[in-house]
Structures are given as C-alpha cells and as structure tokens.
Amino acid sequence: MAKDVIIACDFSSKEQTLAFLEKFTDRKPFVKIGMELFYAEGPDIVREIKKRGHKIFLDLKLHDIPNTVKKAMAVLSRLDVDMCNLHAAGTIAMMEAAREGLTRADGTRPILLAVTQLTSTSEERMHEDLLIEGKIGDVVVHYAQNAKKAGLDGVVCSPLEAGMVKAACGKEFLTVTPGIRFADGAVGDQVRVTTPAQAREIGTDFIVVGRPITAAEDPVAAYRRCVEEFLNS
Ligand code: C5P
C-alpha cells in the first residue's frame, strides 16, 4: 500500500465524524477510527465510512490471550478494514494468532501492525511501573523484531524511532507514526513530535495526524498541507 496521510478521527459520535468527512470532496482521506468512536457507534460506523470510499485504520490495540485475539481479529477482518493493530506486549504467540485470525479464506488480510511502547510512556515509567529495563529505543526495536517474527507488517511508533525500526527490520517493514505537528502549530500533549516533512525524510510510511487537521479552522487546507509536505514536496 502506498505511503499516505491518515487522519485520526477522534470524534465521539457518528454525526460529528460524518459532518467532518463531508468537507473532503475531492481526495477521500485515509481515516483512523479509534476506541472512542468504535465503542460509541459500533461496527456500523466502520461500514458507513468504508461505503463512502475511505480507507480505514481501525486502531483498537488488541491485547488478550491468543485465542481471544484470534477470534476478535476474524470479526474485524470481515468488517473489511484496511489496517488494524494490537499490542506487541501480548507476545509473539498472540501476534501469530492475530495474523491467523485476520487472514481470510482467500489468503488476503488487512495490514496488521503492532504497538511497541506507547508514545505516552516515558523511559522512567517503563522502568518503574512496568519493570522493563534498558533504553526505550532498544525495547521498541525488540518489540518490532518480535512483530516481524510473528509475520506482522509493521509497527506504530514515534517518528523519531522509525529510522531505528527500519534499520533493524528492513525497509519493507512498515512504520506508522503519530506525533505529527506543523512547524508553526501547537504541540498539545504530544512530546516527541516531527513535522510531516521531517517524517518523510526519516522514511516513515504513514503519518497519523489528528488535531492539526481536525481542530484546524480549515481542515481541508490543513490536510492538503500535510499531503503536500509528506508526499509531494
Ligand atoms: O491529535 P493528534 O495528532 O495528537 O492525534 C494522534 C493520534 O494518534 C491519536 O488518535 C492518538 O490516540 C494516536 N496515537 C498516538 N501515539 C501512539 C499511538 C496512537 O498519539 N503511540
């Protein structure tokens, strides 16, 4: 799948989401649906957005015993999403089970990504709360290697980690990176951020952009600016 800009549709209702997407009349953006919208509206919101011609990254970050994740992934696969994810912390066995569950009878399946360490987790919290020693970058790379061993397609990580992941897992291994801000925009609660142009230089495959587009005065112009910086410049 070609490199792209994914808009994080972090809205709490179907009405808000569809009103937002209706602003985009020419290029239909790739959209990310997260837990808030999915839990509020259920699988119908995925079907509705898909019907309107958008590609969908369903960001539900599954993490459970392998058998449960396998069965849940089979359900998501039937929803015909383009991309979905789980936590690499669930182990290689869980990731393998997820991949099997996601694979349809004809051998096709959505792109499957692993979340390594959430970008909200600092190295200090990883050491003290999770009792995981070492550098956070090394843990991210190790989890990415586990995901690769399990046959996954890539990871969600900070753009600042994407280079390390590519070096360890190969350039075909996908990196999908949130934490994107315009050079002249507000950072908000994100800590380790890059601009769309820097993300392109690092070589990430997909950028996930939320508030710089959804909270912009002109979301379509902000989206075009992201596409221009990330894909066309
Ligand atoms: O508004 P903003 O651009 O910060 O949105 C980023 C999106 O990416 C949000 O939906 C957030 O939940 C998600 N995300 C993230 N960091 C991660 C994983 C997902 O910011 N490590």
Q: Using the side-chain contact (heavy atoms from CB on, under 4.5 Å) rule, take Met164 and Val140 through it: C-alpha gap first, then chi angles, then the decisive distance, then the call.
A: CA-CA 9 Å; Met164 286 190 289; Val140 167; 5.6 Å; no
Please give me the minimum heavy-atom distance between [X] and [Y], naming the atom from each residue.
X      : Y      : value
Glu217 : Pro219 : O-CD, 3.5 Å
Ala162 : Ile202 : CB-CG2, 3.9 Å
Ala216 : Ala222 : CB-CB, 3.8 Å
Lys3   : Phe230 : CB-CE2, 4.3 Å
Phe173 : Leu152 : CE1-O, 3.6 Å
Cys9   : Leu37  : O-CD2, 4.1 Å

[atom1]-[atom2] distance between [X] and [Y], expressed to the nearest 0.5 angstrom:
X      : Y      : atom1 : atom2 : answer
Thr91  : Met95  : OG1   : CE    : 7.0 Å
Gln145 : Ile92  : CD    : CD1   : 10.0 Å
Cys226 : Asn232 : SG    : CG    : 11.5 Å
Arg78  : Asp80  : CZ    : CG    : 12.0 Å
Ser158 : Leu118 : OG    : CG    : 12.0 Å
Asp10  : Arg211 : CG    : CZ    : 8.0 Å

Q) Would Tyr223 and Phe24 count as a close aromatic pair, with their ring centres under 6.0 Å? A) yes
(Q) Is it the case that the side chains of Thr108 and Arg104 hold a donor-acceptor pair, with the cut-off being a distance below 3.5 Å and no angle test? (A) yes
N/O donor-acceptor pair under 3.5 Å between [X] side chain and [Y] backbone:
X      : Y      : value
Glu22  : Ala19  : no
Lys28  : His54  : no
His63  : His87  : no
Thr121 : Gln117 : no
Asp59  : Lys32  : no
Asn85  : Ala114 : no
Ser77  : Leu102 : yes
Lys23  : Val220 : no
Thr116 : Ala144 : no

Side chains of [X] and [Y]: closer than 4.5 Å at any heavy-atom pair?
X      : Y      : value
Pro196 : Ile207 : yes
Pro178 : Val156 : yes
Ile132 : His127 : no
Leu58  : Phe38  : yes
Thr177 : Asp205 : no
Pro110 : Asp82  : no
Pro212 : Ile180 : no
Val81  : Val46  : yes

Check the surroundings of atom [atom1] in [X]: do more than 12 heavy atoms from other residues, nucleotides or ligands lie under 6.0 Å from it?
X      : atom1 : result
His142 : NE2   : no
Lys14  : NZ    : no
Lys55  : NZ    : no
Glu133 : CD    : no

Do the side chains of [X] and [Y] join up, straight or via other hydrophobic residues, at under 4.5 Å, putting them in one cluster?
X      : Y      : answer
Ile33  : Leu79  : yes
Val141 : Met126 : no
Leu112 : Met94  : yes
Met73  : Tyr39  : yes
Val115 : Met83  : yes

Q. Going by the angle between their ring planes, with limits at 30° and 60°, are Phe30 and Phe206 parallel, tilted or perpendicular?
A. perpendicular
**Q.** Sequence-distant partners of Ala197, side-chain contact (heavy atoms from CB on, under 4.5 Å), two or more places apart
**A.** Thr195, Arg200, Glu229
(Q) side-chain contact (heavy atoms from CB on, under 4.5 Å), that's the test. Do Cys84 and Leu113 meet it? Break it down for me. (A) CA-CA 6 Å; Cys84 57; Leu113 305 168; over 6 Å; no
Q: Give the intermediate values and the outcome of side-chain contact (heavy atoms from CB on, under 4.5 Å) for residues Lys61 and Leu86.
A: CA-CA 4 Å; Lys61 300 187 181 72; Leu86 45 63; over 6 Å; no
Q: For salt bridge (charged side-chain N to carboxylate O under 4.0 Å, His left out), just list the numbers for Asp4 and Arg27, CA-CA rounded to whole Å, side-chain angles, deciding distance to a tenth of an Å, and then say yes or no.
A: CA-CA 12 Å; Asp4 210 345; Arg27 194 179 200 272; 3.3 Å; yes
(Q) Test side-chain contact (heavy atoms from CB on, under 4.5 Å) on Ile6 and Val209; report intermediate values, then the result. (A) CA-CA 6 Å; Ile6 302 177; Val209 189; over 6 Å; no
Q: Show your working on salt bridge (charged side-chain N to carboxylate O under 4.0 Å, His left out) between Lys70 and Glu96 and close with a plain yes or no.
A: CA-CA 9 Å; Lys70 180 175 178 175; Glu96 283 171 346; over 6 Å; no
Q: Applying salt bridge (charged side-chain N to carboxylate O under 4.0 Å, His left out), run through Asp64 and Lys71 and close with a yes or a no.
A: CA-CA 11 Å; Asp64 207 318; Lys71 289 182 171 167; over 6 Å; no
Q: Could you please spell out the steps behind the salt bridge (charged side-chain N to carboxylate O under 4.0 Å, His left out) verdict for Lys148 and Asp153?
A: CA-CA 7 Å; Lys148 191 175 176 187; Asp153 306 294; over 6 Å; no
(Q) Regarding Asp138 and Lys135, does a basic nitrogen lie under 4.0 Å from an acidic carboxylate oxygen? (A) no
